[in-house]
S.K.: 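So that we are looking at the same thing, I have put the structure below in structure tokens.
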Amino acid sequence: MSSGKDYRRRLGDRGEKLAQAFLRSKGYKIIETNYRRREGEIDIIAQTADCLVFVEVRTRQHGQFGAPEESITQAKQKRLEALAQGYIQSHQDLPPQWRIDVVAIELDDKGYISRIELIENAVEST
């Protein structure tokens, strides 16, 4: 029997794969996935036109715990911004603009996508 942590990890991994395919279908170039620093992790770093996009993926199944995007707390937003700033400072030749988006994914009882949505500028940088 798998634990709740295993279930969440599998659901998160599946959501990230779905989000990557979704972003590619919209013309985004995936630069990096699961970028880690001590502050945490950015799920996907992508580029569209002349904009670097840091993407947080939130996946829910069976409508549990509300809409996926509602689970991003103020603390998580601050961590995402710190991670984005750290990435920008440690990499060169990046696009001049950047933003933090969310891909919200809802799966039905059978695991099929019932909603996938890109929310641009979901975290306003300060």
Side-chain angles (χ1 to χ4, degrees):
M1 183 169 182
S2 67
S3 70
K5 190 173 184 178
D6 289 338
Y7 170 77
R8 285 191 308 274
R9 181 176 291 124
R10 283 195 315 274
L11 183 64
D13 289 348
R14 177 144 188 263
E16 287 178 23
K17 285 180 178 43
L18 292 169
Q20 288 176 45
F22 178 68
L23 290 169
R24 281 189 186 103
S25 77
K26 293 190 159 300
Y28 286 64
K29 177 185 175 200
I30 306 299
I31 296 171
E32 193 167 339
T33 58
N34 305 112
Y35 171 75
R36 290 184 181 279
R37 291 175 56 97
R38 72 175 181 282
E39 298 95 339
E41 177 183 77
I42 295 176
D43 296 324
I44 300 169
I45 300 171
Q47 184 174 343
T48 181
D50 63 348
C51 189
L52 188 65
V53 184
F54 299 94
V55 182
E56 175 70 8
V57 180
R58 290 295 168 130
T59 309
R60 295 286 181 267
Q61 188 164 14
H62 316 299
Q64 294 176 323
F65 312 114
E69 62 273 22
E70 292 172 356
S71 67
I72 300 176
T73 63
Q74 288 281 139
K76 179 66 174 182
Q77 290 180 26
K78 287 183 191 300
R79 275 195 308 279
L80 288 168
E81 186 171 349
L83 285 159
Q85 292 284 0
Y87 185 88
I88 290 165
Q89 291 170 5
S90 65
H91 291 74
Q92 297 190 5
D93 299 322
L94 297 174
Q97 299 175 333
W98 65 276
R99 67 177 192 253
I100 301 173
D101 293 356
V102 171
V103 173
I105 302 170
E106 293 178 4
L107 304 174
D108 66 17
D109 292 342
K110 294 187 170 148
Y112 294 106
I113 298 170
S114 57
R115 176 175 82 105
I116 185 165
E117 180 179 354
L118 174 64
I119 304 165
E120 294 183 5
N121 292 305
V123 176
E124 293 293 329
S125 57
T126 54

S.K.: Going through the distances and angles, do I42 and I100 end up as a side-chain contact (heavy atoms from CB on, under 4.5 Å)?
M.R.: CA-CA 10 Å; I42 295 176; I100 301 173; over 6 Å; no
S.K.: What residues, two or more places apart in sequence or in another chain, satisfy salt bridge (charged side-chain N to carboxylate O under 4.0 Å, His left out) together with E41?
M.R.: R36
S.K.: Would you please name every residue forming a side-chain hydrogen bond (donor to acceptor under 3.5 Å, both in side chains) with E106, sequence neighbours left out?
M.R.: R115
S.K.: Of the non-hydrogen atoms in L94 and I88, which two are nearest, and what is the gap between them?
M.R.: CD1-CA, 3.8 Å
S.K.: Go through the structure and list residues passing side-chain hydrogen bond (donor to acceptor under 3.5 Å, both in side chains) with S114, not counting sequence neighbours.
M.R.: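 S114: no side-chain hydrogen bond (donor to acceptor under 3.5 Å, both in side chains) contacts found.
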S.K.: Under the rule for salt bridge (charged side-chain N to carboxylate O under 4.0 Å, His left out), what residues qualify as partners of R24, not counting sequence neighbours?
M.R.: none
S.K.: Within this structure, what is the CG-CG distance for the pair D101 and L118, rounded to the nearest 0.5 Å?
M.R.: 5.0 Å
S.K.: Would you say that W98 contacts I45 through its side chain, given a criterion of any heavy-atom pair below 4.5 Å between the two side chains?
M.R.: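 A side-chain contact is absent here, since even the closest heavy-atom pair is not under 4.5 Å.
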S.K.: Under 3.5 Å, is there a donor-acceptor pair between the side chain of E117 and the main chain of V103?
M.R.: no
S.K.: Which distance, rounded to the nearest 0.5 Å, do you find between the CD1 of I113 and the CG of L107?
M.R.: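 That separation rounds to 6.5 Å.
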S.K.: Could you list the donor-acceptor pairs under 3.5 angstrom formed between side-chain atoms of residues 12-23 and any protein atom two or more places apart in sequence or on another chain?
M.R.:
| residue | atom | partner | partner atom | Å |
| --- | --- | --- | --- | --- |
| R14 | NH1 | G111 | O | 2.6 |
| R14 | NH2 | G111 | O | 2.9 |
| E16 | OE1 | N34 | ND2 | 2.9 |

S.K.: Could you give the distance from OG1 (T48) to CD (E120), rounded to the nearest 0.5 Å?
M.R.: 8.0 Å
S.K.: Could you tell me if the side chain of E39 sits less than 4.5 Å from the side chain of Q85, heavy atoms only?
M.R.: no
S.K.: If you look at every heavy atom in K110 and Q61, which pair is closest and at what distance?
M.R.: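 That would be C-NE2, 4.3 Å.
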S.K.: Measuring from L11:CG to R60:CZ, what's the distance to the nearest 0.5 Å?
M.R.: 8.0 Å
S.K.: Between atom CD1 of I72 and atom CZ of R79, what is the distance when rounded to the nearest 0.5 Å?
M.R.: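 Nearest 0.5 Å value for the CD1-CZ distance: 11.0 Å.
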S.K.: How about K29: does its NZ atom have over 12 heavy atoms from other parts shown lying under 6.0 Å from it?
M.R.: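 Open: at most 12 neighbouring heavy atoms sit under 6.0 Å from NZ of K29.
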S.K.: Under the 3.5 angstrom rule, does the side chain of Q47 hit a backbone N or O of A49 as a donor-acceptor pair?
M.R.: yes
S.K.: If the condition is side-chain hydrogen bond (donor to acceptor under 3.5 Å, both in side chains), which residues does Y28 pass it with, not counting sequence neighbours?
M.R.: R99
S.K.: Tell me the closest heavy-atom pair linking Y35 and L83, and the distance in Å.
M.R.: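 Scanning both residues, the minimum pair turns out to be CE2-O, 4.2 Å.
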S.K.: What's the shortest heavy-atom distance between C51 and P95, and which atoms?
M.R.: N-CB, 3.9 Å
